[in-house]
Amino acid sequence: MINKINKEIKLFISSIDGIEKNSVSEICEKFKTSISESLKNGHITTNVCMIAGSILKSNPKKLATDLHKRISDLKIFENVDIAGPGFINITLKREDFLSTLNNIYEKNVNYGSSDFGEGKKVQIEFVSANPTGPLHVGHGRGAAYGDALSRILKNTGYEVEKEYYVNDAGRQIDILTASVIIRMLKKELNGFFPQNAYRGEYIEIIGEKFGEEIRFNEASNLINNLPSDAEDEINEIITSLKTKDLMIWNKVKNHSLSIIVELIKEDLSNFNVLFDEWFYESSLGSIKESNSEISSSITKLSKDGIGYKKDGAIWLNTESCGDDKHRVLVRKDGRATYFASDVAYHKNKIDRGFDKLINVWGADHHGYIKRIEASVEALGTSKDKLIVKLVQFANLFKKGKKIKMSTRSGDFYSLKDLIDDIGADAARFYYLSKQADQHLDFDLDLAKSDSKENIFYYIQYAHARIFSIEDKYKKTTKKQIASKTDIKNNSYSKCDELIHEISKFPNLVLKSSNSLQPHLIVFYLRDLSQLFHSFYNDNHVLSESEENIELIMFCLGGVKQTIANGLGLLGITPMKKM
RNA sequence: GCGCCUGUAGCUCAGCUGGAUAGAGCAACUGCCUUCUAAGCAGUGGGUCAGGAGUUCGAAUCUCUUCAGGCGCGCCA
């Protein structure tokens, strides 16, 4: 219907006296015809006259009068109005308005989906937490966001691949390995533990597998004359452990890594997040092998003159994207930086042929965006292909007190704790209830409370209530809910607002997809639920006339479907009973 | 110092590709359960959209600027 109206509007614009071609296309690009915010403004509304008025420097109201006549003359609408500064508000014929419901029933679980993305390939890389311990609640937010985003993008016609980048090659893994070994040597070392090592309970569990294998002659030498600086201390321990027995080192390292990756996979799976790909940093190879991916990406950049040698190190000129200084790829001692791996990793992603790459990063990495964009450009791809979405930290509050977390100290509230505490669905919901790039205060007591302030249950309650009415309806009338009913001329209007609201859903999903903002769906569902609860209180459905009940059940079925589909996009299962 | 983000009701936040009277919830006060789930509904009060300037028929939304808060600025990862 909106397409039909837009066609007429475009004809109208082109027919304006003396209009230039440029203006026509400018107006057509800018104006919006959409489902009205509220029924007060009809079913469909357009701002085209105001846009045209501003571009043509003419009076919007005058344009509105002409357009109004033209649309009225089509005689396919119940009513056409001019309102405010020049809006055209259109009221559909009853039959057309109610046909929205049929549309929902036909599309069912697919109501809200579209093929807008035209099958373009999108890769979303998210979580990618260092494999040095279980996920904490900060990672949970990225997980919920990335996963919801991928569901929304899939739903709007993109082909989506979810990937986790495992940093298994860096210093963090060395610290992890050292932590495990030192923990196993607890007795020999009289309980000594380096300041910067990981302390969590899981460290001990990982090490237990080795038992007697981890024994060194004169182990106590390890801790003699250690530097007092925490960083230097752990470095020295790593070096001497590797020197003492590289085989044990590698064995412990590989084992620890695989245990922790499994741990992370389990946490994510309990959170309903499944990745398509697990990409290991180590697969990019070493800088020492000339044909490894990491080496060849540096070679490519050097050939292009963007990478260059200076002071014994290899640098990348990243100023093309407004980075404030050049960045080192290879240190003067020959070791690659983390940035070099990342450049090689992004080259690998680009070579895999995605149309769009989305990186979901913690907000503390925002200083890193420009240099990675610059590297993508340097590799010969437009930086517009890469979108970095930042996810801010989430602060957790319990009984009004902030919960602290730190992987290193081992004393933290993990994602698993959160899921055990309030459930995966409620946790996902609250993570998604605010724009990802803004600070989130997550109140655990609220998430468990049974008040209206707890929006998660408020929405679920609406779904459950409809489920329960349907149940009762089927039992008392022995009828099934009509799969399609003849409601063309039913004049019962108390569900109109509900029908109007659910008709907004497909466009909302699209908006959420285009702006990469799952939280829009959360707020939409809250509004829809509020309309439903209000209707529910004012109207006793099952004591209506038979004809009206049929329409109401049909409409509520649509509401239920819309809530279920919306929750589905967030990765949340709707409740049938509460 | 430079860069990014934020500032909307007492509190927590929506609204930001400019559009109709700036919206919710909580808190305060009033009502509604012999009827489909009261984890609900209806109502009242509460606003310099941080301040200032600009662009526009129209600004919470765009631009500039001031103030306040958060974060990031390694040959760390």
Side-chain angles (χ1 to χ4, degrees), chain A residues 29-30 32 36-38 40-41 45 47 50-51 53-54 57-61 83-87 89 130 132 167 169-173 175 231 281 310-315 322-325 327-342 362-370 390 392-393 433-435 437-441 443 446 449-462 464-473 475-476 511 514-515 519-520 522-524 526-527 529-530 532-544 549 556 575 577-578:
Chain A
E29 216 166 273
K30 280 190 176 170
K32 227 168 37 186
S36 70
E37 192 52 45
S38 143
K40 279 180 290 185
N41 301 326
T45 185
N47 65 350
M50 277 117 76
I51 299 291
S54 119
K57 304 275 171 229
S58 62
N59 185 346
K61 285 229 172 185
F87 289 101
N89 294 337
N130 280 333
T132 54
N167 293 116
R171 200 174 105 84
Q172 298 303 321
I173 298 303
I175 298 178
E231 288 290 303
E281 182 185 357
K310 189 186 148 198
D311 303 333
I314 299 176
W315 297 71
D323 199 7
D324 50 2
K325 56 186 133 186
R327 305 291 171 174
V328 171
L329 288 167
V330 184
R331 301 177 181 92
K332 62 181 166 202
D333 65 8
R335 283 152 51 232
T337 59
Y338 175 82
F339 179 49
S341 301
D342 236 11
D364 52 334
H365 288 77
H366 74 75
Y368 202 76
I369 295 177
K370 280 179 178 165
L390 296 178
Q392 274 289 0
F393 290 117
S433 67
K434 204 179 162 184
Q435 263 184 67
D437 59 1
Q438 288 179 31
H439 285 278
L440 172 73
D441 287 337
D443 185 337
L446 172 64
S449 81
D450 53 2
S451 72
K452 182 172 180 177
E453 204 181 350
N454 188 342
I455 322 167
F456 174 66
Y457 285 115
Y458 185 74
I459 293 168
Q460 292 283 19
Y461 190 36
R465 270 180 152 176
I466 297 175
F467 210 85
S468 148
I469 300 180
E470 287 184 345
D471 202 45
K472 200 137 200 167
Y473 172 74
K475 274 186 189 144
T476 51
K511 191 173 170 189
N514 287 337
S515 61
H519 80 283
L520 296 179
V522 169
F523 286 94
Y524 169 80
R526 191 204 54 192
D527 291 345
S529 302
Q530 123 87 0
F532 165 75
H533 285 306
S534 177
F535 171 83
Y536 181 91
N537 258 270
D538 290 347
N539 305 281
H540 192 259
V541 177
L542 298 178
S543 36
E544 283 289 343
I549 291 186
L556 293 187
M575 293 178 175
K577 255 190 186 151
M578 285 176 64

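A note on names: the letters A, B, ... follow the listed sequences, proteins ahead of strands, and every chain is numbered from 1. Computed from heavy atoms alone, side chains included, the values below leave out hydrogens, waters and symmetry copies.
Counting only Watson-Crick or G-U wobble pairs whose defining distances are both under 3.5 Å, the stems of 3 or more consecutive pairs in RNA chain B are B:1-7 with B:67-73, B:10-13 with B:23-26, B:28-32 with B:40-44, B:50-54 with B:62-66.
Within 4.0 Å (heavy atoms only), A462(A) reaches no atom of the nucleic acid at all. In this structure, D323(A) reaches neither bases nor backbone, as no heavy-atom distance under 4.0 Å exists between it and the strands shown. Residue K30(A) is classed as having no contact, given no heavy-atom separation below 4.0 Å to the nucleic acid. Y458(A) comes within contact range of the sugar-phosphate backbone alone, with a heavy-atom separation under 4.0 Å but no base atom that close. Residue S468(A) is in base contact, counting any heavy-atom pair closer than 4.0 Å across all strands shown. Y473(A) comes within 4.0 angstrom of nothing in the nucleic acid, heavy atoms only.
Of the P atoms belonging to C71(B) and C75(B), the separation is 23 Å, rounded to the nearest Å. Here the separation of C13(B) from G52(B), taken at their C1' atoms, is 27 Å to the nearest Å. For the C1' atoms, the distance from G45(B) to G40(B) is 23 Å, rounded to whole Å. Comparing A24(B) with G70(B), their C1' atoms are spaced 26 Å from each other, to the whole Å. Spacing of C1' atoms, A9(B) relative to A22(B), comes out at 11 Å, to the nearest Å. Distance check on atom C1': U56(B) versus G19(B) gives 12 Å, rounded to whole Å. Nucleotides C49(B) and G15(B) place their C1' atoms 11 Å apart, quoted to the nearest Å. If you take atom C1' in A68(B) and the same atom in A50(B), they sit 8 Å apart, rounded to whole Å.
Scanning all heavy atoms of the two residues, the minimum distance from I459(A) to V522(A) falls at CD1-O, 4.1 Å. Of all the heavy atoms in N167(A) and I173(A), the pair that sits closest is O-CG1, 3.6 Å.
Residues satisfying the salt bridge (Lys or Arg N to Asp or Glu O under 4.0 Å) criterion with D471(A), sequence neighbours excluded, are K475(A). Here D333(A) pairs with R335(A) under the side-chain hydrogen bond (donor to acceptor under 3.5 Å, both in side chains) rule; sequence neighbours left out. Under the ring pair (Phe, Tyr, Trp, His ring centres under 6.0 Å) criterion, Y458(A) pairs with H533(A), sequence neighbours left out. Residues satisfying the side-chain contact (heavy atoms from CB on, under 4.5 Å) criterion with K577(A), sequence neighbours excluded, are absent altogether. Under the side-chain hydrogen bond (donor to acceptor under 3.5 Å, both in side chains) criterion, D323(A) pairs with T318(A), R327(A), sequence neighbours left out. Y524(A) pairs by the ring pair (Phe, Tyr, Trp, His ring centres under 6.0 Å) definition with F505(A), not counting sequence neighbours. Evaluation of the salt bridge (Lys or Arg N to Asp or Glu O under 4.0 Å) rule for E281(A) yields no partner, not counting sequence neighbours. In this view, Y536(A) satisfies the side-chain hydrogen bond (donor to acceptor under 3.5 Å, both in side chains) rule with no residue, not counting sequence neighbours. In terms of the side-chain hydrogen bond (donor to acceptor under 3.5 Å, both in side chains) criterion, T337(A) has no residue partners (sequence neighbours excluded).
Atom-to-atom, CG of D443(A) to C1' of U12(B) comes out at 10 Å; the value is rounded to the nearest Å. In this structure, the CG atom of L520(A) is 10 Å from the C1' atom of A14(B), given to the nearest Å. Rounded to a whole Å, the CD atom of E37(A) is 12 Å from the P atom of G15(B). One can place CE of M578(A) at 9 Å from P of G40(B), the figure rounded to the nearest angstrom. For the pair D437(A) CG and G7(B) C1', the interatomic distance rounds to 15 Å; values are reported in whole Å. With rounding to whole Å, Q435(A) atom CD is found 14 Å from G7(B) atom C1'. For H533(A) and A38(B), the NE2 to C1' distance is 11 Å, given to the nearest whole Å. Rounding to whole angstrom units, CG of residue L542(A) and C1' of U35(B) are separated by 10 Å.
The side chain of F523(A) approaches C13(B) more closely than any other nucleotide in the set C13(B), G15(B), C41(B).
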Item to check | Audit row: R465(A), E470(A), salt bridge (charged side-chain N to carboxylate O under 4.0 Å, His left out) steps and yes/no | outcome: CA-CA 9 Å; R465(A) 270 180 152 176; E470(A) 287 184 345; over 6 Å; no
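For the pair H540(A) and K57(A), nearest-nucleotide mapping onto RNA chain B gives the more 5' position to H540(A).
Residue R465(A) places at least one side-chain N or O closer than 4.0 Å to OP1 or OP2 of A38(B). Put simply, K511(A) has no side-chain N or O that comes within less than 4.0 Å of OP1 or OP2 on G15(B).
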Item to check | Contact pattern, 5' to 3', of nucleotides 18-31 of chain B - B, S or - by protein heavy atom under 4.0 Å | outcome: -BB---SSS-----
Next on the checklist: Using a 4.0 Å heavy-atom cut-off to protein, can you give one letter per nucleotide of nucleotides 68-77 of chain B, 5' to 3': B if the base is in contact, S if only the sugar-phosphate is, - if neither?
Outcome noted: --SBSSSBSB
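Base orientation of C33(B): syn (glycosidic angle within 90° of 0).
Side-chain contact check for S36(A) versus N89(A): every heavy-atom pair is 4.5 Å or farther apart. At a threshold of 4.5 Å between non-hydrogen side-chain atoms, the residues Y473(A) and V541(A) do not count as touching.
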